[in-house]
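Take a look at the structure below.
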Protein chains: 2
Amino acid sequence: MAHKRDAKDVADDEPYLQIGEVAERTGVTQRTLRFYEEKGLLKPPTRMEGGFRLYSEADIRRLERIRHLQQLLGFPLAQIKEMVEADEVKMQLRAEYRPEAEASEKKAQILKAIEVTERQLELIGEKATAIVDMQAKLEERLSTFHGWLTDLEASSKSTAKAKV
Amino acid sequence: MAHKRDAKDVADDEPYLQIGEVAERTGVTQRTLRFYEEKGLLKPPTRMEGGFRLYSEADIRRLERIRHLQQLLGFPLAQIKEMVEADEVKMQLRAEYRPEAEASEKKAQILKAIEVTERQLELIGEKATAIVDMQAKLEERLSTFHGWLTDLEASSKSTAKAKV
DNA sequence: CCTAACCTTGACGTTGAGGTAATATTGGCG
DNA sequence: CGCCAATATTACCTCAACGTCAAGGTTAGG
């Protein structure tokens, strides 16, 4: 078996993962991880001296977010990127938010957050409504069919009676 | 290929369109039309003796359905195909449905329709719920931000007063 | 220091969904 | 009939999103 690494010379407290472990844990291939990095979807992770990538939990959360969005929305990676970046901006604001900051600064941050969130809503909005009412239509048809079915059973029963 | 059935002895009361007209009317390129045909998303349309394709209104509706689904769901064409085929089955049933048919036959048809519709729901179901609650979450965050903003304005007003 | 297992970059291959170009027919009009 | 725009078929090109392979560097246990 593989030797288990002692791969941390960064911060000993945080659990850093090498690319292979991330791949295994998330079901994403190593190639895809490098590819996402290349495309700017994942920020370049920290490395050990040898150059091996070391992913943080935050990196992994981001990765999972990407995959989720990709599955969910079927958008091209460029748009997925926009989405995750927007998330990141909001996280950032949240982290930097100090109640004792200047009001004008806080206001600016909140405005930014609002802008970003609105953009996200814009990206998914149309899709959401369309998919929902497609679903509604299907469900309606389904219950129509069930209705027909029960009608049918009822009438077959009555004809049976009529025959006797 | 053998000549399965005659192409253009269909009455010309129905408006048939050539590929170029379809392309123009729908915004889909000719290439894409042929491609979809190749992939089985569109059934081979009727042809004139020379071999030119002649599309019916039904063909066009199907095409538009395909494009809609593609936009909407972001599924691969293979799945889109499943979807439209399911639609087609239902149309078919609807067309063949005669109230004077045998009950057992009608029942079978309805059961088929139900099965197919359930499959369609299955295909979009998960996606629909996921996207909806993503949207909900975003909207919630948005209103939270707006809340913060009004809080902020309120407190700035009060400090202004306090200063004076 | 050696070696197995892991990782690196680089380059080329593949698949899905078409675009583009070349060549050959066809359809309709004067 | 002759001409030319529209169409058919075939074949290669592209772009995204990875897969795969090669050649070599890195890490840690023995």
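Throughout, protein chains are lettered first and strands after them, A, B, ... in sequence-line order, and every chain is numbered starting at 1.
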Inset, instruction - Look at B:Tyr36 and C:dA17 and indicate whether a side-chain polar atom (N or O) is within less than 4.0 Å of OP1 or OP2. - result: no

Legend entry - A:Gln70 or B:Glu21, whichever maps to the more 5' nucleotide of DNA chain D: B:Glu21

Legend entry - B:Gln79 vs C:dG16: side-chain N/O to OP1/OP2 distance below 4.0 Å: no

Inset, instruction - Return the value, rounded to whole Å, for the distance between atom CZ of A:Phe75 and atom C1' of D:dA16. - result: 16 Å

Inset, instruction - Would you kindly give the CZ-to-C1' distance between A:Phe52 and C:dT9, to the nearest whole Å? - result: 12 Å

Inset, instruction - Under 4.0 Å between any heavy atoms, over every strand shown, what does A:Glu38 touch: base, sugar-phosphate, or nothing? Just pick one. - result: nothing

Legend entry - Exam field: side chain B:Glu21 to backbone B:Gln18, donor-acceptor pair closer than 3.5 Å: yes

Inset, instruction - List in chain and number order the residues that pass side chain to side chain contact (heavy atoms under 4.5 Å, CB included) with B:Ala108, two or more places apart in sequence or in another chain; answer none if no residue qualifies. - result: none

Inset, instruction - Output yes when at least one side-chain N/O atom of B:Arg53 is less than 4.0 Å from OP1 or OP2 of D:dA8, else no. - result: yes

Legend entry - Spacing between B:Leu54 atom CG and C:dG28 atom C1', to the nearest angstrom: 14 Å

Legend entry - Below 4.0 Å: OP1/OP2 of C:dC6 and any side-chain N or O of A:Gln18: no

Inset, instruction - Report yes if a side-chain nitrogen or oxygen of A:Arg47 is closer than 4.0 Å to either non-bridging phosphate oxygen (OP1 or OP2) of C:dT9; otherwise report no. - result: yes

Inset, instruction - Using a heavy-atom cut-off of under 4.0 Å over every strand shown, decide if A:Arg34 touches base, sugar-phosphate, or nothing. - result: base

Legend entry - A:Arg34: partners by salt bridge (Lys or Arg N to Asp or Glu O under 4.0 Å), with sequence neighbours left out: none

Inset, instruction - Please report, rounded to the nearest Å, how far the C1' atom of D:dA6 is from the OH atom of B:Tyr16. - result: 20 Å

Inset, instruction - In whole angstrom, give the distance that lies between atom CD of A:Gln71 and atom P of D:dA17. - result: 14 Å

Legend entry - Nearest-angstrom distance from the residue atom CE of A:Met48 to C1' of C:dA5: 12 Å

Legend entry - Polar contact flag, side-chain donor to acceptor under 3.5 angstrom, B:Glu96-B:Gln92: yes

Inset, instruction - Answer with base, sugar-phosphate or nothing: what part of the nucleic acid does B:Glu24 contact at a heavy-atom distance below 4.0 Å? - result: nothing

Tabulated below should be each protein N or O lying under 3.5 Å from an N or O of nucleotides 19-21 of chain D; please produce it.
residue: D:dG19; atom: OP2; partner: A:Thr29; partner atom: OG1; Å: 2.6
residue: D:dG19; atom: OP2; partner: A:Thr32; partner atom: OG1; Å: 3.2
residue: D:dG19; atom: N7; partner: A:Arg31; partner atom: NE; Å: 3.3
residue: D:dG19; atom: O6; partner: A:Arg31; partner atom: NH2; Å: 2.9
residue: D:dT20; atom: O4; partner: A:Arg31; partner atom: NE; Å: 3.2

Inset, instruction - Whole angstrom is fine here: how far is it from CD1 in B:Ile19 over to P in C:dG19? - result: 12 Å

Legend entry - Nucleotide C:dG18, atom P - distance to CZ of B:Phe35 in whole Å: 6 Å

Legend entry - A:Glu105 vs A:Lys112, salt bridge (Lys or Arg N to Asp or Glu O under 4.0 Å): CA-CA, chis, key distance, verdict: CA-CA 11 Å; A:Glu105 183 187 337; A:Lys112 182 67 180 172; over 6 Å; no

Legend entry - Backbone of A:Thr150 reached by a side-chain donor or acceptor of A:Glu153 within 3.5 Å: no

Inset, instruction - Say whether B:Arg62 and B:Tyr36, considering side chains only, have a donor N or O and an acceptor N or O under 3.5 Å apart. - result: no

